[in-house]
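Letters go in sequence order (proteins before strands), and every chain restarts at 1. Note: hydrogens, waters and symmetry copies are ignored here, and every other heavy atom, side chains too, is used.
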Amino acid sequence: MPELPEVETTVRALRPLLVGRTITGVRNDWPRHLGNVDLATLQQQIHGRSFQTVTRRGKYLVFNLSDGAALIIHLRMSGHLAVVDGGAAPQPHVHTIFALENGQELRFKDPRKFGKVYLAHDLAEVLGGLGPEPLATDFTAAVLQERLNGRKRALKPLLLDQTFIAGVGNIYADEALFAARLHPQRAANSLSQEEIVVLHGAIQRVLRLGIAREGASIDLYVKPDGTRGDMQNAVNVFRRTGQPCYVCGRPIERMVLGGRSTHFCADCQI
DNA sequence: ACCGGAGCCTGTTAGC
DNA sequence: TGCTAACAGGCTCCGG
């Protein structure tokens, strides 16, 4: 569930707590949390390094360290990061912990255990396959048009494809298509230039709204401090099956596309 | 290029 | 009420 806005919210909350802090140790009780590195190597390589920057690429959190390497974390479905005092009570589902020199800890809680921790000396080792960053200034409608060109796939699974565009997940894909008034099954290469411009604007608008509202607390997601985001109160279609469309009143429909539940208004979206 | 399905997980929910 | 089964979903891998 954490998608671009939820990850961005997490990054913004963690940044002031981590930049300048030094890592003094790593603990892990679920080896599969570690994506491209084993615990011994991770401990040896990041011990004594400090956090230089805390940023985001797509749905990945990127922690640049003082030796040039980067710690990269993906929250996947249920991951949650928080900085707490080392003496704080142990919490269930915390499987990886980074101890800091100030006595605090960065705790990676992940009930469904899908999350991943990577160590990269070259970011491209982990992030190289990602598509464009949707809120970057160089992601223009023309770039979207070029990437849609010749693609026969339905729009919904294409938006979920991280190599097509980075950071969009199920919530924001449904919301962007509603905002663009485009049916989730529309073939990517069937869009007019005007529709592409509208879709481009819709993707950016729903992601920015999600960030402004600090994420959608629909299932497990909460901010690092444990409080809820507010985007769940601003969705138009996601998980609103059977409830009236805010624009036309027709009940929102649900279908499965690319294995994902997809919510849309059959009148508004064509 | 694209699609579908299995697998990874476990808390929550639907259904009996 | 209490149980089980299905479901949720980001991503990867597989076969077609």
Position toward the 5' end of DNA chain B (nearest nucleotide), A/Lys152 or A/Pro111: A/Lys152
Is there a side-chain contact between [X] and the phosphate of [N], meaning an N or O under 4.0 Å from OP1 or OP2?
X	N	answer
A/His74	C/dG10	no
A/Arg151	B/dC2	yes
A/Lys113	B/dC8	no
A/Gln162	C/dG10	no
A/His93	B/dC9	no
A/Arg260	B/dG4	no

Mind calculating the distance between [atom1] ([X]) and [atom2] ([N]) to the nearest angstrom?
X	N	atom1	atom2	answer
A/Leu127	C/dG10	CG	C1'	15 Å
A/Leu159	C/dC11	CG	P	13 Å
A/Arg57	C/dC11	CZ	P	12 Å
A/Arg76	C/dA8	CZ	P	19 Å
A/His95	B/dC9	NE2	P	10 Å
A/Asn189	B/dA1	CG	C1'	12 Å
A/Asp29	B/dC9	CG	P	13 Å
A/Arg147	B/dA1	CZ	C1'	14 Å

Does [X] pair with [Y] as a salt bridge, N-O distance under 4.0 Å?
X	Y	answer
A/Lys223	A/Glu6	no
A/Lys156	A/Asp174	yes
A/Arg153	A/Asp161	yes

Aromatic plane relationship, A/Trp30 with A/His95 - under 30° parallel, 30 to 60° tilted, over 60° perpendicular: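 The rings of A/His95 and A/Trp30 sit tilted, inter-plane angle from 30° to 60°.
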Parallel, tilted or perpendicular: ring planes of A/Phe139 versus A/His200, cut at 30 and 60 degrees: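 Rings of A/Phe139 and A/His200: tilted, as their planes differ by 30° to 60°.
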Closest nucleotide among C/dC11, B/dC8, C/dG9 to the A/Arg32 side chain: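 Given the options C/dC11, B/dC8, C/dG9, the side chain of A/Arg32 is closest to B/dC8.
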ring centroid sep under 5.5 Å plus plane angle under 30, A/Phe114 with C/dG9: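 A stacking contact does not exist, since A/Phe114 is not both close and nearly parallel to the base ring of C/dG9.
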Donor + acceptor pair across side chains of A/Tyr221, A/Glu3 (<3.5 Å): no
5′-ward residue of the pair A/Tyr118/A/Met77 relative to DNA chain C: A/Met77
Contact class for [X] (heavy atom, under 4.0 Å): base, sugar-phosphate, or nothing?
X	answer
A/Tyr172	nothing
A/Ser261	sugar-phosphate
A/Lys116	nothing
A/Arg153	sugar-phosphate

